[in-house]
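Since the structure comes first, as C-alpha cells, the remarks are kept for the end.
Note: hydrogens, waters and symmetry copies are ignored here, and every other heavy atom, side chains too, is used. Order of the sequence lines sets the chain letters (A, B, ...), proteins ahead of strands, with each chain counted from 1. Please read these numbers as outputs of a predicted model, since none were measured by experiment.
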Protein chains: 2
Amino acid sequence: MGGGEGKVTARKISGDARAEGAGQGGAKSVSAKDVAALAGVSRAAVSRTFTPGASVSAETRRKVLEAADALGYQVNHLARGLTRQQTGIVALIVAKLATPYRSAMVQALTGKLQAAGKVAMIINTDQEEATVELALRQALSYRADAAVILSGMPDRSIADLCHRNGQRLVLINRDDSLPGSIQLRVNDAQAGRMALLAFLRAGCRRLAVATSCDDTPSLLARERSFLEEARTLGLDVQCERFGASGYDSGLALGERLLVRPERPDAVFCTTDLIACGVMDAARQRFGLSIPADLSVIGFDDIPQAGWEAYQLTTFTQPIEETASAAVDWIARGENGDVPCRVDLTATMRWRRSVRARQAEAAPAG
Amino acid sequence: MGGGEGKVTARKISGDARAEGAGQGGAKSVSAKDVAALAGVSRAAVSRTFTPGASVSAETRRKVLEAADALGYQVNHLARGLTRQQTGIVALIVAKLATPYRSAMVQALTGKLQAAGKVAMIINTDQEEATVELALRQALSYRADAAVILSGMPDRSIADLCHRNGQRLVLINRDDSLPGSIQLRVNDAQAGRMALLAFLRAGCRRLAVATSCDDTPSLLARERSFLEEARTLGLDVQCERFGASGYDSGLALGERLLVRPERPDAVFCTTDLIACGVMDAARQRFGLSIPADLSVIGFDDIPQAGWEAYQLTTFTQPIEETASAAVDWIARGENGDVPCRVDLTATMRWRRSVRARQAEAAPAG
DNA sequence: CTGAAAGCGCTTACAG
DNA sequence: CTGAAAGCGCTTACAG
C-alpha cells in the first residue's frame, strides 16, 4: 500500500555500542514502586508528590523528586487515567489534514490543548468511508475526554454512545446539535451576503459562484446565502459546481465559467483554494486580468490568499478563536447535558481581487 | 492567550431533552465485567473475544458480542496497554504543523499508523523552546510505543531515557543517530548538486542560493552541496540567508538578491515556500519574467509548486515512502538496540521555472 | 475451551 | 503528613 517511486535503501549502522541501561526488547519502565523503594517512602507518597495540591511534606517531596530524577521516572498517564475519571486525551477527528485551513486548525487546537495540559490524539478519516463512527469508537477505546469533529458528521446513535460514556463532543461547523456537545459555527451565511454586496458595489453585474461537490454545511451555507441574496435583489447568478474543494477544482471551475458566452465579471468561490484555481485559470488560460476583468472573493484566508500572486479578498476564519472556544469548553468540563452553541465571525479581509468601487456601469452589451 | 478579533457569542440551546442514557457528569463507561455479567460468562471470556487469536468457542463469542453490542462496550485500550507491553500509541513531535510539507507528512503518517492499527498522538512544540525534551517526556507519560521526531533534535540523555523505557525513536531528517532509533534521510546533498548542474545546463551563470536561518540538517545539506559543487567547478555563488523558511522570507530574499548589481539569473531555494516568495518578488517587484530572466529551483514539491502561477521545478519529497518506512519499522517492533538508517530519494520534478537548455551564452557583460 | 486469580501502575478514601 | 489497602479495567499464565 505504501509503494511509490523513491528508492529505499536500508542498512544497519555498526557503531555506537548499546545504551548503558536495561536489556533487550520492550524494556519495562520505572514505576512509582521503584521510586518509593529508592526514596524510602510509600507508593502513595510518590503519587502525592506528582499530584498538584496533594499534601506531602517538603522533606518527603524532596526525597521522592530526587529518586524520581535518578531513575528517570515519569508518571504513567495511562494508569492515572484508569483511576481518575479523565485521561487528558482529546481526539481530533479529521480528513484531508494537509489542506491549509485544516492544518492551521489542527495546529491551533494541538497547541492550545497542550497549553491546557491535555494532549491531542489525531484520528485520520481519509481512508474508508463512514469512518466518523469508527473514529469515535477508537476515541472511546482510548477513553478520550472529548472528541473534536472537524470532518464528517456522526449520526445520532454513535453520538449517544459517546455521551453515555462520558465522552464530550465538539462539532466544528457541523449543522446538527447533539446532546452533551458544543457546536462551533462561523457566519457563513452572512459572508455570502457580504460578498454579493461587495461585488455590486464594485459595479460587477455578471455574477457567478464556484463551489465544490463536497456538501459540507459551511460550503452550502456560503453558496446559498449568496444565491438567495441575489434572488432577493432580482439578480441572476451563474452557479458552477465541481469536484472536491481544492485548487484543481478551482481551475476547472474557472474554465467552465469563463468559457461561457455571458462571461462572469465576478465570482464568489466558497473556498480560497478554489479561488486560487479560478484566478489562475482566468489569467493563464483566458489572459484576463484581475480585478479589471474579473473580481474574485474567496473564503478562509489561507496563507496563499495573501501571496503576491493572488492578493485575494476573502473572509478570514477565526481559527484561534475557534480553537480557544473548543479548548476552553473541554477544559471547563461542565456536565454538558445541554447542547451549547458558540457563534464565531469570519471578518472580511480586503485585498486586491475586487475592483475598486466605480460608477454604475452601463449594462454590458 | 487566545484573544483576537472574531466576536464570540455563546448561548444555550434549549431544546432536545437529554440523552436517554446514564445520568449527569463524567458517566462511567461500560466495562468487561458488565458485559460478562450480561452474557453470563467470565471476564476472561470477554477479554478473549476481543483478543485476536485467543481461544473462545463460537457460542461464547456470540453471547459476548451480543452483550457487548447491547451495552455499547468498547475495550479500554488504556487498561489493555497497562497489561500488555504496548499501547499502540505513537507520538508525533512536530512544530509548525500548518506548513505544507509538514502537514502532508503528518497526514501520511497518521493515515498509515491508523492502517497499521496504531494511533497517533501529536505533540506540538511550537510554544516554548527546548521542548523536544518535554515532548518526549510527555510521550513517555502516555507510554507511547514510539515517537517520531519531525522537528528539533533531542539530546543524548533524553534519548537514552526513551530507550531505557522502551520507547523507540524515529528521526526524520535529523542528523544524529541514536540508540534504539531509526533515522530516515533524504538525499539533500545530491539534490543540491543536481540543481547546480541543471542551472548550468540551462546556461545560467550568475548563480545564487536563497535559504533561511533555520539551521536544520536538511536545509544546511542542500545549501552546502550546491555551494561546494560550485566551488569545485570554480564558480561563484551569491548566498543570501534570512528569517524562517516561509514565503515571506522568500519575498525578502528575492528583494535582496535581485537588487544587487550583479543580478542573479538563477536561484536555488532550499524550500518551495522560499521559492514561491522569490518568484513573486522577481515578478511583482522587479518585473522579471520566469524563466526567461530568472531560473528558480525549489525543494519539497508542495502543492503550490504545481499551481499555474508557479510551475516550479523542484525535488519531490518522498513523503509516502518516508511515512511507510517509519510505520513499518514501528510496526515491526524489532528490539532495535542497533541504530538503523534508511535513505530515501527526492527526485527532480521538472516544471517550467528553469529556462530551456541553450547554447553557452557569451559571458554577460 | 473456560474461570479464578494475580498483576499492570496509579489514586484515593480511610485510619493513624 | 503518611501508609496499607482497595479499586480502575484489562490480560494472561495456571489449572481444570
Touch class at under 4.0 angstrom, heavy-atom based, for Ser31(B) against every strand present: sugar-phosphate
Spacing of Leu78(A) atom CG relative to dG9(C) atom P, expressed in whole Å: 11 Å
Rounded distance (Å) that lies between atom P of dC8(D) and atom CZ of Arg143(A): 13 Å
Touch class at under 4.0 angstrom, heavy-atom based, for Ser57(B) against every strand present: sugar-phosphate
Touch class at under 4.0 angstrom, heavy-atom based, for Ala45(A) against every strand present: sugar-phosphate
Among dG3(C), dG9(C), dG3(D), the nucleotide that comes nearest once only the side chain of Arg48(B) is considered: dG3(C)
Gap between atoms CZ and P, on Phe50(A) and dT11(C) respectively (whole Å): 10 Å
Sugar-phosphate only, base, or nothing, as touched by Val75(B) at under 4.0 Å among non-hydrogen atoms: sugar-phosphate
Nearest-angstrom distance from the residue atom NZ of Lys33(B) to P of dA4(C): 14 Å
dG3(C) OP1/OP2 closer than 4.0 Å to side-chain N/O of Ser42(B): yes
Nearest-angstrom distance from the residue atom CZ of Arg62(A) to P of dC1(D): 17 Å
Nearest to side-chain heavy atoms of Thr60(A), which nucleotide of dT12(C), dT11(D), dT2(D): dT2(D)
Residue Asn76(A), side-chain atoms from C-beta onward, closest of dC10(D), dC10(C), dG3(D): dC10(C)
Sugar-phosphate, base or nothing in reach of Ala44(A), heavy atoms under 4.0 Å: base
Whole-Å C1' distance, dG16(D) and dT12(D): 16 Å
Distance below 4.0 Å between Arg84(A) side-chain N/O and dC10(C) OP1 or OP2: no
Check: Arg143(B)/Ser29(A) side-chain N/O donor and acceptor closer than 3.5 Å: yes
Pairwise P distance, dA13(D) and dG9(D) [rounded to whole Å]: 23 Å
